[in-house]
Amino acid sequence: MPELPEVESFRKYIADTSLHQKIKNVRTAAQGMLIETTDADLKRILKNNSFEDTFRHGKFLFVRLRSHGSLMLHFGMTGDLLYYSDNASPKSYVLLFEFDNGHRLSFSDPRRLGKISLVDDVQAFINKRGYGEDALQISWESFYTILKKKRTAIKVSLMDQKVVAGVGNEFSDEILFQTQVHPASITSRLPEKKLREIYESMKSILKEAVNHDADRKKLKHYFFLGNRKAGLRCPGCKGETEWQTIGGRSSYFCAACQKLYR
DNA sequence: CTGCGTGTTGCACA
DNA sequence: GTGTGCAACACGCA
């Protein structure tokens, strides 16, 4: 699920369902997913606590607790949230909250590539780990200052969470398709005008995805989102899309429409 | 059975 | 310091 738009919809989901309810019990099955905390501490801090507010930075979600800082959730590749207001029981979970009113919130993650932590100070956590500004917040000036110096592939720059936080593999491909830039282009070789287009495209695609709760069915007018294959007919030139791994990730693009800057 | 994947980190190496 | 490539984490799916 999770790039910035998915995490934003998880944020809203928690805000809409789970705030200001006493947490009666916490169940965990999150071995290997905890950062700087233990199973026992997690349970101890969260039990009888409550969620008061939500905050997202890039792909990280923070839920402020009534006491003892915030809960940090990262969804890896397969993390998901589900709120239960009936008696149905979660099929599987890595973290399960049981509220006073009998409702439950589960965090599931089959591949367990997600992360869970307790943080005292959200901004300090972000700074310490060196993450860049959130993709929906970053100014053009900051974006340009960082990108113009990067000598790595533009796709790698966009996906680098220390450059700008929130863009992942699928959205990077879509941004570069829309702006007609080959994903392997050397970032510093792109003219300022192109970087500006990429910046604007990043903002508008992410915003639209956020407005549609990251639902790929409502983003059909984009090309590569949820439609990642080689050999597709490019809507621009009618040629075939190609596949290449760039920065260790599968990248889809149209070599005819997307110019390679070297 | 093999290969792949909406993510991140750490490490070896140029 | 900058950048590249890969393995690892762990599981479901085609």
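Lettering follows sequence order; numbering is per chain, from 1. Heavy-atom basis, side chains included; hydrogens, waters and symmetry copies ignored.
Summarising the geometry, the separation between CZ on Arg189(A) and C1' on dG3(C) is reported as 15 Å, rounded to the nearest angstrom. Rounded to a whole Å, the NZ atom of Lys150(A) is 7 Å from the P atom of dT2(C). As a whole-Å value, the separation of Leu4(A) CG from dT8(B) P is 11 Å. If you measure from atom CE of Met159(A) to atom P of dG5(C), you get 12 Å, rounded to the nearest angstrom. If you measure from atom NZ of Lys155(A) to atom P of dT4(C), you get 14 Å, rounded to the nearest angstrom. In this structure, the CD1 atom of Ile35(A) is 11 Å from the P atom of dT8(B), given to the nearest Å. Counting to the nearest Å, the C1' atom of dT6(B) and the CZ atom of Arg249(A) are 7 Å from each other. Rounded to an integer number of Å, the gap from CG of Leu158(A) to P of dG7(B) is 13 Å.
Contacts between residues 199-207 of chain A and DNA chain B, defined by a heavy-atom separation below 4.0 Å, involve no residue at all. For residues 163-188 of chain A, proximity to DNA chain B is found at Gly168(A), Asn169(A), Glu170(A), defined as any non-hydrogen atom under 4.0 angstrom from a strand atom.
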**OP:** Mind running ring-ring contact (aromatic ring centres under 6.0 Å, His included) on His103(A) and Tyr83(A) for me, showing each step along the way?
**Re:** CA-CA 7 Å; His103(A) 297 183; Tyr83(A) 186 81; 5.6 Å; yes
**OP:** Applying ring-ring contact (aromatic ring centres under 6.0 Å, His included), run through Phe60(A) and Tyr131(A) and close with a yes or a no.
**Re:** CA-CA 10 Å; Phe60(A) 289 86; Tyr131(A) 297 123; 4.9 Å; yes
**OP:** Could you give me the CA-CA distance, side-chain angles and deciding distance for Arg196(A) and Glu192(A), then say whether salt bridge (Lys or Arg N to Asp or Glu O under 4.0 Å) is met?
**Re:** CA-CA 6 Å; Arg196(A) 180 82 197 202; Glu192(A) 180 176 348; over 6 Å; no
Original post:
For Ser250(A) and Asn169(A), what are the C-alpha separation, side-chain angles and deciding distance, and is it a side chain to side chain donor-acceptor pair (under 3.5 Å)?
Top reply: CA-CA 8 Å; Ser250(A) 275; Asn169(A) 199 18; 5.7 Å; no
**OP:** Show your reasoning for whether ring-ring contact (aromatic ring centres under 6.0 Å, His included) applies to Phe125(A) and Phe62(A).
**Re:** CA-CA 11 Å; Phe125(A) 174 89; Phe62(A) 301 89; 5.7 Å; yes
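Of the side-chain N and O atoms in His74(A), none sit less than 4.0 angstrom from OP1 or OP2 of dG7(B). For the OP1/OP2 pair of dG5(B) and a distance below 4.0 Å, the side-chain nitrogens and oxygens of Ser250(A) include at least one atom meeting the criterion. Remark: Thr152(A) is in phosphate contact with dT4(C), judged by side-chain N or O atoms under 4.0 Å from OP1 or OP2. Listed pair Tyr252(A) / dC4(B) fails the phosphate criterion, with no side-chain N or O lying under 4.0 Å from OP1 or OP2.
In this structure, Phe224(A) and Phe177(A) have perpendicular ring planes: the angle between them is above 60°, well past the 30° mark. Between Trp140(A) and Phe143(A), the angle of the ring planes lies from 30° to 60°, which puts this pair in the tilted group.
Salt bridge Arg27(A)/Glu98(A): present, at least one basic N to carboxylate O contact under 4.0 Å. For the pair Arg56(A) and Glu8(A), the salt-bridge criterion is met [side-chain N within less than 4.0 Å of a carboxylate O]. Lys218(A) and Asp213(A) are not joined by a salt bridge, as no carboxylate oxygen comes within less than 4.0 angstrom of a charged side-chain nitrogen. In summary, Glu6(A) and Arg216(A) engage in a salt bridge, as defined by a charged side-chain N under 4.0 Å from a carboxylate O.
At least one side-chain heavy atom of Ile138(A) sits less than 4.5 Å from a side-chain heavy atom of Lys203(A). Inter-residue side-chain proximity for Ser172(A) and Pro183(A) is flagged as unmet; no heavy-atom pair is nearer than 4.5 Å. No side-chain heavy atom of Phe51(A) sits under 4.5 Å from any side-chain heavy atom of Arg64(A). Side chains of His221(A) and Glu208(A) form a contact here, defined as non-hydrogen atoms less than 4.5 Å apart. Between Val26(A) and Leu96(A) the shortest side-chain heavy-atom distance does not fall below 4.5 Å.
Among the nucleotides dT2(C), dG5(B), dT6(B), the one closest to the side chain of Arg151(A) is dT2(C).
Between dC1(B) and dC9(C), the distance separating the two C1' atoms is 22 Å to the nearest Å.
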**OP:** Between protein and nucleotides 9-14 of chain C, map the contacts as a letter string: B base, S sugar-phosphate only, - none, heavy atoms under 4.0 Å, written 5' to 3'.
**Re:** BBB---
Original post:
What string of B, S and - do you get for nucleotides 9-14 of chain B 5' to 3' if you count protein non-hydrogen atoms under 4.0 Å?
Top reply: S-----
Original post:
Given Watson-Crick or G-U pairs with both distances under 3.5 Å, what dot-bracket string fits DNA chain B, with | for other-strand pairs and [ ] for crossing?
Top reply: .||||.||||||||
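Within 4.0 Å of Lys115(A), counting heavy atoms only, lies no atom of the nucleic acid at all.
Residue pairs satisfying the salt bridge (Lys or Arg N to Asp or Glu O under 4.0 Å) criterion with at least one member in residues 106-131 of chain A, sequence neighbours excluded, are listed as follows: Glu36(A)-Lys128(A).
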